[in-house]
Participant: 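Next up is a structure, given as structure tokens.
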Amino acid sequence: FTVIGFINKSIESWFGIEMEGSLQASLEIAQGYYNDTSEKTMYFARQIGFKIAQEEYLTDEGLNTLRKYIDEKKDENNIGAVEVFFSSGEREIYSIASSLNPNIMPDVEKTVVMDVLKGKETNFIQALDRGDVIRGIAPVYSPAYSGGVNNIIGAVAVSFYMPNHMTARIKDISTTFESYKQLKVL
């Protein structure tokens with residue numbers, strides 16, 4: 001009986017270490033995906049904002065050219081949506097991927113836009129019933145930027161959509177890992 005108990009305990013520990021490592025690696029991959037996507041939202045928001053300032057697109061004649069540029073950038077990079085706000089906080093441009101239902105993306109809260117227009121860029125995840133929206137918002141500075149808030153002429157929001165089937169798998173991995181850790185303590 002001692003030998004059987006020893007063999008059972010050894011097998012449990014071998015598979016336990018392998019199971020824990022696999023679950024932890026899966027969780028890290030999922031978290032890395034969210035982090036990478038968050039960084040991409042900020043990268044594209046800053047890049048589009050720089051282009052807006054450089055080309056002075058926030059004029060009446062520049063808006064059509066800006067719309068075309070945003071549509072190209074969105075399509076090239078599989079971006080879910082791009083929004084451009086004037087310094088008043090009003091949304092001037094909203095471009096959403098053709099593969100997405102326009103009603104799926106919630107509006108950016110006005111308070112968030114106003115904070116960005118004060119120079120505070122931000123990114124966040126919005127959990128929805130049908131998936132998650134990973135969003136980054138950056139200020140657009142005038143070409144003569146000298147560091148002051150008065151030099152902010154607008155804001156750009158870039159959003160990526162993660163469908164429910166992906167978020168559900170990530171939540172399953174997280175729940176399974178947490179359950180495994182609790183069982184391990186027992």
Side-chain angles (χ1 to χ4, degrees), residues 28-143 145 151-171 173-174:
E28 288 170 1
I29 289 169
Q31 290 169 339
Y33 180 80
Y34 271 99
N35 290 338
D36 289 348
T37 304
S38 265
E39 288 175 18
K40 282 190 340 187
T41 64
M42 292 309 303
Y43 170 78
F44 288 121
R46 288 183 199 118
Q47 187 181 51
I48 293 168
F50 180 75
K51 184 75 169 177
I52 289 170
Q54 187 181 41
E55 301 294 330
E56 298 183 15
Y57 281 142
L58 295 184
T59 61
D60 289 336
E61 58 271 357
L63 286 174
N64 285 333
T65 306
L66 176 59
R67 283 184 181 88
K68 289 176 189 171
Y69 170 76
I70 286 173
D71 286 341
E72 288 172 9
K73 195 60 118 169
K74 177 184 52 91
D75 293 343
E76 286 171 6
N77 298 287
N78 294 321
I79 296 171
V82 177
E83 299 166 81
V84 177
F85 299 88
F86 281 149
S87 60
S88 64
E90 295 303 312
R91 184 171 69 187
E92 179 59 31
I93 295 176
Y94 181 59
S95 178
I96 188 166
S98 60
S99 61
L100 295 178
N101 177 340
N103 298 325
I104 208 162
M105 294 282 198
D107 289 340
V108 178
E109 291 183 27
K110 185 81 165 184
T111 57
V112 173
V113 174
M114 297 314 287
D115 283 345
V116 172
L117 290 170
K118 292 176 187 168
K120 181 186 171 198
E121 63 180 32
T122 188
N123 60 351
F124 52 91
I125 298 169
Q126 290 178 279
L128 309 172
D129 291 339
R130 294 182 226 126
D132 288 349
V133 175
I134 304 169
R135 204 171 246 159
I137 310 172
V140 177
Y141 295 96
S142 71
Y145 174 64
N151 293 74
I152 296 173
I153 58 172
V156 176
V158 172
S159 304
F160 285 88
Y161 174 71
M162 185 179 293
N164 209 19
H165 70 276
M166 289 182 69
T167 59
R169 286 182 183 162
I170 290 169
K171 288 174 187 166
I173 292 168
S174 180

Participant: Check Ala81 against Tyr94 and note the closest heavy-atom contact, atom names and distance.
Facilitator: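 Closest heavy-atom pair between Ala81 and Tyr94: CB-CE1, 4.2 Å.
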Participant: Phe44 versus Val156: any side-chain heavy-atom pair under 4.5 Å?
Facilitator: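 Phe44 vs Val156: side chains apart.
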Participant: My understanding is that only residues two or more places apart in sequence, or in another chain, count here; which of them pass side chain to side chain donor-acceptor pair (under 3.5 Å) with Thr122?
Facilitator: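 Testing Thr122 for side chain to side chain donor-acceptor pair (under 3.5 Å), a comparison that skips the adjacent residues, returns none.
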Participant: For atom OH of Tyr43, is the number of surrounding heavy atoms from other residues, nucleotides or ligands below 6.0 Å larger than 12?
Facilitator: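 No, OH of Tyr43 has 12 or fewer neighbouring heavy atoms, counting only those of other groups under 6.0 Å.
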Participant: Rounded to the nearest 0.5 Å, what separates atom CD1 in Ile52 from atom OG1 in Thr65?
Facilitator: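 Going from CD1 on Ile52 over to OG1 on Thr65, the span is 12.0 Å.
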Participant: Holding to side chain to side chain donor-acceptor pair (under 3.5 Å), I want the full list of residues that pass it with Ser159, two or more places apart in sequence or in another chain.
Facilitator: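 So Ser159 forms a side chain to side chain donor-acceptor pair (under 3.5 Å) with Arg135.
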Participant: How close do Gly119 and Ile152 get, counting heavy atoms only, and between which atoms?
Facilitator: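 For Gly119 versus Ile152, the nearest heavy atoms are N-CD1, 3.3 Å.
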Participant: Run the side chain to side chain contact (heavy atoms under 4.5 Å, CB included) test against Lys73 and tell me which residues pass, sequence neighbours left out.
Facilitator: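 Applying side chain to side chain contact (heavy atoms under 4.5 Å, CB included) to Lys73 gives Gln47, Ile48, Tyr69, Glu76, Asn77.
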Participant: Looking at Ser88 and Leu117, what are the two nearest heavy atoms and their distance?
Facilitator: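 Ser88 and Leu117 have their closest heavy atoms at C-CD1, 4.4 Å.
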Participant: Taking only residues two or more places apart in sequence or in another chain, which ones pass side chain to side chain contact (heavy atoms under 4.5 Å, CB included) with Ala138?
Facilitator: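 Residues passing side chain to side chain contact (heavy atoms under 4.5 Å, CB included) with Ala138: Met42, Ala45, Arg46, Glu121.
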Participant: Please round to the nearest 0.5 Å and tell me the distance separating atom CE of Met114 and atom CZ of Phe85.
Facilitator: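 Met114 atom CE to Phe85 atom CZ measures 11.0 Å (nearest 0.5 Å).
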Participant: Given side chains that start at C-beta, do those of Ile79 and Phe160 come closer than 4.5 Å, heavy atoms only?
Facilitator: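 With C-beta onward as the side chain, the pair touches.
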Participant: Of all residues at least two apart in sequence or in a different chain, which pass the side chain to side chain donor-acceptor pair (under 3.5 Å) check with Lys110?
Facilitator: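 Once residues adjacent in sequence are excluded, the partners of Lys110 under the side chain to side chain donor-acceptor pair (under 3.5 Å) criterion are Glu90.
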Participant: Identify the two heavy atoms, one from Tyr141 and one from Ala53, that lie closest to each other, and give their separation to 0.1 Å.
Facilitator: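 So the minimum-distance heavy-atom pair works out to O-CB, 2.7 Å.
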Participant: Can you sort out the partners of Asp75 under salt bridge (Lys or Arg N to Asp or Glu O under 4.0 Å), two or more places apart, ordered by chain and number?
Facilitator: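 So Asp75 forms no salt bridge (Lys or Arg N to Asp or Glu O under 4.0 Å) with any residue.
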Participant: Restricting to side chain to side chain contact (heavy atoms under 4.5 Å, CB included), what partner residues turn up for Asn78, sequence neighbours left out?
Facilitator: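 So Asn78 forms no side chain to side chain contact (heavy atoms under 4.5 Å, CB included) with any residue.
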Participant: Quick one: which of Val158, Ile137, Val108, Ile96 gives a side-chain contact (heavy atoms from CB on, under 4.5 Å) with Glu83?
Facilitator: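 Of all the options given, the one that passes is Val108.
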Participant: Less than 4.5 Å apart, side chain to side chain, heavy atoms only: is that true for Met105 and Val133?
Facilitator: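 Heavy-atom side-chain distance check passes, below 4.5 Å.
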Participant: Look at atom CD of Gln54 and say whether more than 12 heavy atoms of other residues, nucleotides or ligands are closer to it than 6.0 Å.
Facilitator: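 Yes, CD of Gln54 has more than 12 neighbouring heavy atoms, counting only those of other groups under 6.0 Å.
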Participant: Between Arg67 and Glu92, is there a side-chain N and carboxylate O pair less than 4.0 Å apart?
Facilitator: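 Salt bridge between Arg67 and Glu92, a charged N being under 4.0 Å from a carboxylate O: yes.
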Participant: Could you state the interatomic distance from OG (Ser142) to CD1 (Ile153), rounded to the nearest 0.5 Å?
Facilitator: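 Going from OG on Ser142 over to CD1 on Ile153, the span is 6.0 Å.
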Participant: Please give me the minimum heavy-atom distance between Ile104 and Leu128, naming the atom from each residue.
Facilitator: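 Of all heavy-atom pairs spanning Ile104 and Leu128, the closest is O-CD1, 3.4 Å.
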Participant: Should Lys74 and Asp71 count as an ion pair when the cut-off is N to O under 4.0 Å?
Facilitator: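 Yes.
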Participant: Not counting sequence neighbours, which residues clear salt bridge (Lys or Arg N to Asp or Glu O under 4.0 Å) with Lys120? List them please.
Facilitator: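 Once residues adjacent in sequence are excluded, Lys120 has no partner under the salt bridge (Lys or Arg N to Asp or Glu O under 4.0 Å) criterion.
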Participant: Residues in side chain to side chain contact (heavy atoms under 4.5 Å, CB included) with Ser38, at least two apart?
Facilitator: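 Ser38 satisfies side chain to side chain contact (heavy atoms under 4.5 Å, CB included) with Asn123, Ile134 once adjacent residues are dropped.
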Participant: Taking atom CG of Leu66 and atom NZ of Lys68, what is their separation to the nearest 0.5 Å?
Facilitator: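 If I round to the nearest 0.5 Å, the distance is 11.5 Å.
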Participant: Who are the salt bridge (Lys or Arg N to Asp or Glu O under 4.0 Å) partners of Asp107, not counting sequence neighbours?
Facilitator: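 Result, salt bridge (Lys or Arg N to Asp or Glu O under 4.0 Å) vs Asp107: Arg91.
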